[in-house]
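In what follows, a structure is listed as structure tokens, so that the remarks can point back to it.
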Amino acid sequence: MSDYHSFDPALGHGLPHDPIKAIIAPRPIGWISSIGASGVANLAPYSYFNMFSHKPPILIFGSEGRKDTLSNVVQSGAFVFNLATQDLAQQMNQSSGTYPPLTDEFEMAGLGKLNSDTIAVPRVADAAAAMECRVLETRQLHDLDGQPVLSHLIIGQVTRVHIRADLLLDGRFDMVRAGTIARCGYRGDYVRATQTFEMLRPQIG
Ligand SMILES: Cc1cc2nc3c(=O)[nH]c(=O)nc-3n(C[C@H](O)[C@H](O)[C@H](O)COP(=O)(O)O)c2cc1C
């Protein structure tokens with residue numbers, strides 16, 4: 001018989017640090033670029049992020065509160081997902097600072113910009129991969145009592161994909177060579193992809 005530490009999140013975890021984000025981990029990082037009404041570019045990492053549809057590709061990320069990225073994507077209807085990798089980890093982290101809305105985090109982090117093909121939002125130069133997205137919907141989340149919570153979902157459909165050519169090996173994107181990083185649970189914890197293994201789904205019948 002196993003023992004478990006069980007708790008109701010509303011009542012507290014009873015541990016030195018909240019374990020929930022350490023369990024739902026590693027989380028891919030959506031390094032999201034957007035553009036404000038004044039035309040200033042914005043860049044910030046979001047690890048409440050994933051792909052929820054393949055055909056068409058649909059990406060979703062979550063903003064805990066009304067942040068600049070949320071305001072920008074509501075206003076402009078577009079954003080770019082940039083892949084976070086080890087070589088740009090410091091710049092990714094720097095772009096997460098709480099800067100005033102008119103700050104260009106590309107400049108703040110010393111990053112170059114590339115124009116997108118389908119939207120008027122720049123992407124991160126040298127990023128291993130990037131996906132241009134147009135917003136399908138944004139929505140505020142509600143709890144079990146129907147009360148609005150801080151978090152908003154931003155749902156976007158991919159309109160264009162960019163992959164750095166040197167990271168395509170035999171036609172496959174090489175995430176180990178790219179050095180993809182992901183967010184772990186506790187403050188400052190990250191993981192870097194160093195190995196993959198193959199396991200095919202069972203063939204039934
Ligand atoms: C790796 C990483 C992941 C993050 N993930 C999220 C997230 O999923 N949601 C969120 O609201 N903030 C997240 N943050 C914090 C935001 O990046 C931070 O609040 C940033 O200032 C938001 O920028 P903006 O106001 O320009 O959108 C994360 C920070 C880091 C370093």
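Atoms within each ligand, like the ligands themselves, are counted from 1 in listed order. Scope of the values below: all heavy atoms of this structure, side chains included, with no hydrogens, waters or symmetry mates.
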Tell me the protein heavy atom at minimum distance from [atom], and give that distance in Å.
atom	answer
atom 4 (C) of ligand 1	Pro45 O, 3.3 Å
atom 8 (O) of ligand 1	Tyr48 N, 2.8 Å
atom 9 (N) of ligand 1	Gly62 O, 2.9 Å
atom 5 (N) of ligand 1	Ser47 N, 2.9 Å
atom 21 (O) of ligand 1	Ser96 O, 3.0 Å
atom 25 (O) of ligand 1	Asp68 N, 3.0 Å
atom 26 (O) of ligand 1	Asn42 ND2, 2.8 Å
atom 23 (O) of ligand 1	Ala44 CB, 3.2 Å

Note to self: At under 4.0 Å between heavy atoms, is it the side chain or the backbone of Tyr99 that contacts ligand 1, or both, or neither?
What the structure shows: neither
Notebook entry, point to check: With a 4.0 Å heavy-atom cut-off (strictly under), which part of Arg183 contacts ligand 1: side chain, backbone, both or neither?
Noted result: side chain
Next item on the list: Check each of Lys67, Arg187, His152, Glu64 against atom 12 (N) of ligand 1 and report the one with the nearest heavy atom.
Entry: Lys67
Note to self: Please state which option from Thr69, Asp189, Leu150 has its nearest heavy atom closest to atom 24 (P) of ligand 1.
What the structure shows: Thr69
Next item on the list: Would you confirm whether the ring centroid of Phe49 sits within less than 6.0 angstrom of the ring centroid of Phe81?
Entry: yes
Check: Under 4.0 Å from any heavy atom of Ser63, which atoms of ligand 1 are there?
Finding: 11 (O)
Next item on the list: Step by step, work out the side chain to side chain contact (heavy atoms under 4.5 Å, CB included) result for Leu88 and Trp31.
Entry: CA-CA 11 Å; Leu88 296 178; Trp31 196 13; 4.0 Å; yes
Check: Do the side chains of Leu59 and Leu153 join up, straight or via other hydrophobic residues, at under 4.5 Å, putting them in one cluster?
Finding: no
Checklist line | ILVMFWY network linking Ile32 to Tyr48, side-chain heavy atoms under 4.5 angstrom | finding: no
Next item on the list: Check the side chains of His162 and Arg123 for a donor-acceptor pair under 3.5 angstrom, ignoring hydrogens and angles.
Entry: yes
Checklist line | Ser33 and Asn42: side chain donor to acceptor below 3.5 Å | finding: no
Checklist line | Test applied, side chain to side chain contact (heavy atoms under 4.5 Å, CB included); reference residue, Pro122; option that passes from Leu114, Leu43, Ile35 | finding: Ile35
Heteroatom distance test ([X], ligand 1): nitrogen or oxygen, under 3.5 angstrom:
X	result
Gly97	yes
Tyr46	yes
Ser95	no

Output side-chain donor-acceptor pairs under 3.5 Å for residues 173-201, partner residues at least two apart or in another chain, one line each.
{"from": "Asp174", "atom 1": "OD1", "to": "Val176", "atom 2": "N", "distance (Å)": "3.1"}
{"from": "Asp174", "atom 1": "OD1", "to": "Arg177", "atom 2": "N", "distance (Å)": "2.9"}
{"from": "Arg192", "atom 1": "NH2", "to": "Val176", "atom 2": "O", "distance (Å)": "3.4"}

Check: Is ligand 1 less than 4.0 angstrom away from at least one heavy atom of Glu105?
Finding: yes
Notebook entry, point to check: Phe49 near ligand 1, heavy-atom distance under 4.0 Å?
Noted result: no
Check: Does Gln75 CD have over 12 foreign heavy atoms under 6.0 Å away?
Finding: yes
Item checked: Residue Asp166 excluded, over 12 heavy atoms near CG under 6.0 Å -> yes
Next item on the list: Decide, yes or no, whether a salt bridge links Arg172 with Asp170 under the criterion of side-chain N to carboxylate O below 4.0 Å.
Entry: no
